Amino acid sequence: MPELPEVETCRRGITPHILGRRLQQLIVRQPQLRWPVAVDLPQHIQGQVVLAVERRAKYLLLCMNEGTLLIHLGMSGSLRVLTGADTPGPHDHFDLDFGACRLRYRDPRRFGALLWTTAPVQEHPLLVHLGPEPLSQKFNGEYLYEHSRGRRSAVKTVVMDGKVVVGVGNIYANESLFLSGIHPVRPAGRISLQRYQRLAENIKQVLQNAIDMGGTTLRDFYNQSGNPGYFAQQLRVYNREGAPCPVCSSAIRRQRIGQRSSFFCGNCQR
DNA sequence: AAATTCTCCTGAAGGC
DNA sequence: TGCCTTCAGGAGAATT
């Protein structure tokens with residue numbers, strides 16, 4: 001399931017293959033993604049040149065001369081770089097053909113998206129209200145503290161709220177809260193500045209470590225070359241219900257918070 | 001306004 | 001073996 005480190009891994013992997021290249025053709029086999037791919041998109045963007053490959057939250061941004069292609073991997077999406085003939089599978093929904101190589105998008109659950117905008121991309125409706133990037137200086141303990149005052153919802157829900165901070169998905173929220181000794185259901189407004197400083201640092205650390213390891217492969221994340229990420233072996237609580245806490249050996253617990261599985265140590269996290 | 005629930009989708013896993 | 005049912009999850013939309 002692509003979270004920020006997986007999307008960043010993807011971005012870094014595809015960039016050298018497509019930067020400066022001209023799009024020969026967009027081939028759409030399945031337009032029914034999160035939002036339908038516009039029927040006339042292929043003819044609109046044919047011939048566009050990739051000027052930059054950026055990322056905002058979990059959106060990949062292919063910045064081209066007349067606009068920007070937004071790609072979201074949803075929870076089962078992946079992009080592979082193909083350099084030879086390769087028969088598309090049933091979930092290979094579109095190809096971006098750059099001549100020398102092509103990007104093939106696969107997404108069994110179809111929660112992902114392919115959108116084109118000619119307006120300044122940061123003003124796009126999907127991006128304009130997003131919180132800061134977690135690895136930026138704008139995101140820190142003070143920021144979290146200020147934005148959680150008066151909020152009674154679980155701290156885990158708040159750090160996963162894209163309007164507060166982007167890119168912190170379920171896996172990394174669980175891990176960061178464990179490293180910070182904070183119980184995931186603790187009301188966000190009842191946590192001290194000091195503890196938020198520690199949480200913000202751990203969020204940055206966990207995300208950066210995961211990026212350095214090429215992301216987390218639990219089931220279906222593979223990078224542009226078809227290789228898995230190696231952060232899964234670093235996970236301390238996620239998906240480890242019943243296993244011993246790496247610090248105190250208490251059994252890791254599992255609880256649903258806001259429709260999502262949460263994993264934590266009831267002894268270490270208060 | 002903030003908090004909660006719903007929604008899209010398919011594959012894996014579990015029950016009988 | 002096979003046909004259910006349940007669940008997982010990103011995040012915008014809808015509802016409370």
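Side-chain atoms are counted along with the backbone in the values below, which use heavy atoms only and exclude waters and symmetry mates. Below, read A as the first sequence line, B as the second, and so on, with proteins coming before strands; counting in each chain starts at 1. None of these values were measured; they are calculated from a predicted model.
No side-chain donor-acceptor contact under 3.5 Å links A:S78 and A:R106. Between A:K204 and A:N140, the side chains place no donor N or O within less than 3.5 Å of an acceptor N or O (distance only, hydrogens not considered).
Residue-level contact check: A:L33 touches neither bases nor backbone, having no heavy atom under 4.0 Å from any strand. Counting non-hydrogen atoms under 4.0 angstrom, A:R106 reaches nothing in the nucleic acid. Within the nucleic acid shown, A:R34 comes within 4.0 Å of at least one base atom, counting heavy atoms only.
If you take CD of A:Q32 and P of B:dC9, they are 8 Å apart, rounded to a whole angstrom. Look at NE2 on A:H129: it is 13 Å from P on B:dA1, rounded to the nearest Å. As rounded to whole Å, 12 Å separates atom P of C:dG9 from atom CD1 of A:I257. Distance, A:Q30 CD to B:dC8 C1': 12 Å, rounded to whole Å. For the pair A:H147 NE2 and B:dA1 P, the computed distance is 16 Å after rounding to whole Å. Protein atom CD of A:Q259 is 12 Å distant from nucleotide atom C1' of C:dA11, rounded to whole Å. When the P atom of C:dC7 is taken as reference, atom CD of A:E241 falls 13 Å away, rounded to whole Å. The separation between A:R110 atom CZ and C:dA11 atom P is 19 Å, rounded to whole Å.
Side-chain N/O atoms of A:Y238 include none lying less than 4.0 angstrom from OP1 or OP2 on C:dA8. Note on A:Y172: every side-chain N or O is 4.0 Å or more away from OP1 and OP2 of C:dG10. Between A:R256 and C:dA8 there is a side-chain polar atom (N or O) within less than 4.0 angstrom of OP1 or OP2. Not one side-chain nitrogen or oxygen of A:H72 sits closer than 4.0 Å to the OP1 or OP2 atom of C:dG10. Of the side-chain N and O atoms in A:R260, one or more sit less than 4.0 angstrom from OP1 or OP2 of C:dG10. Between A:R151 and B:dA2 there is no side-chain N or O to OP1 or OP2 distance below 4.0 Å.
Remark: A:R21 CZ is loosely packed, at most 12 non-hydrogen atoms of other residues, nucleotides or ligands lying under 6.0 Å away. Around CZ of A:R29, the count of heavy atoms belonging to other residues, nucleotides or ligands within 6.0 Å exceeds 12.
A salt bridge links A:R80 with A:D92; the closest basic N to acidic carboxylate O contact falls under 4.0 Å. Between A:E8 and A:R11 there is a salt bridge, with a side-chain nitrogen of the basic residue lying less than 4.0 Å from a carboxylate oxygen of the acidic one.
Put simply, A:F111 does not rest on the base of C:dA11: the two rings are not both less than 5.5 Å apart at their centres and under 30° in tilt.
Ranking C:dG9, B:dA3, C:dA11 by closeness to the A:S261 side chain, first place goes to C:dG9. Ranking B:dA3, C:dG12, C:dG10 by closeness to the A:Y59 side chain, first place goes to C:dG12. Side-chain proximity of A:L126 to the nucleotides C:dG10, C:dG12, C:dA8 is greatest for C:dG12. Side-chain atoms of A:R152 lie closest to B:dA3 of the nucleotides C:dA11, B:dA3, C:dA8.
If A:A154 and A:H91 are placed on DNA chain B by their nearest nucleotide, the residue sitting closer to the 5' end is A:A154.
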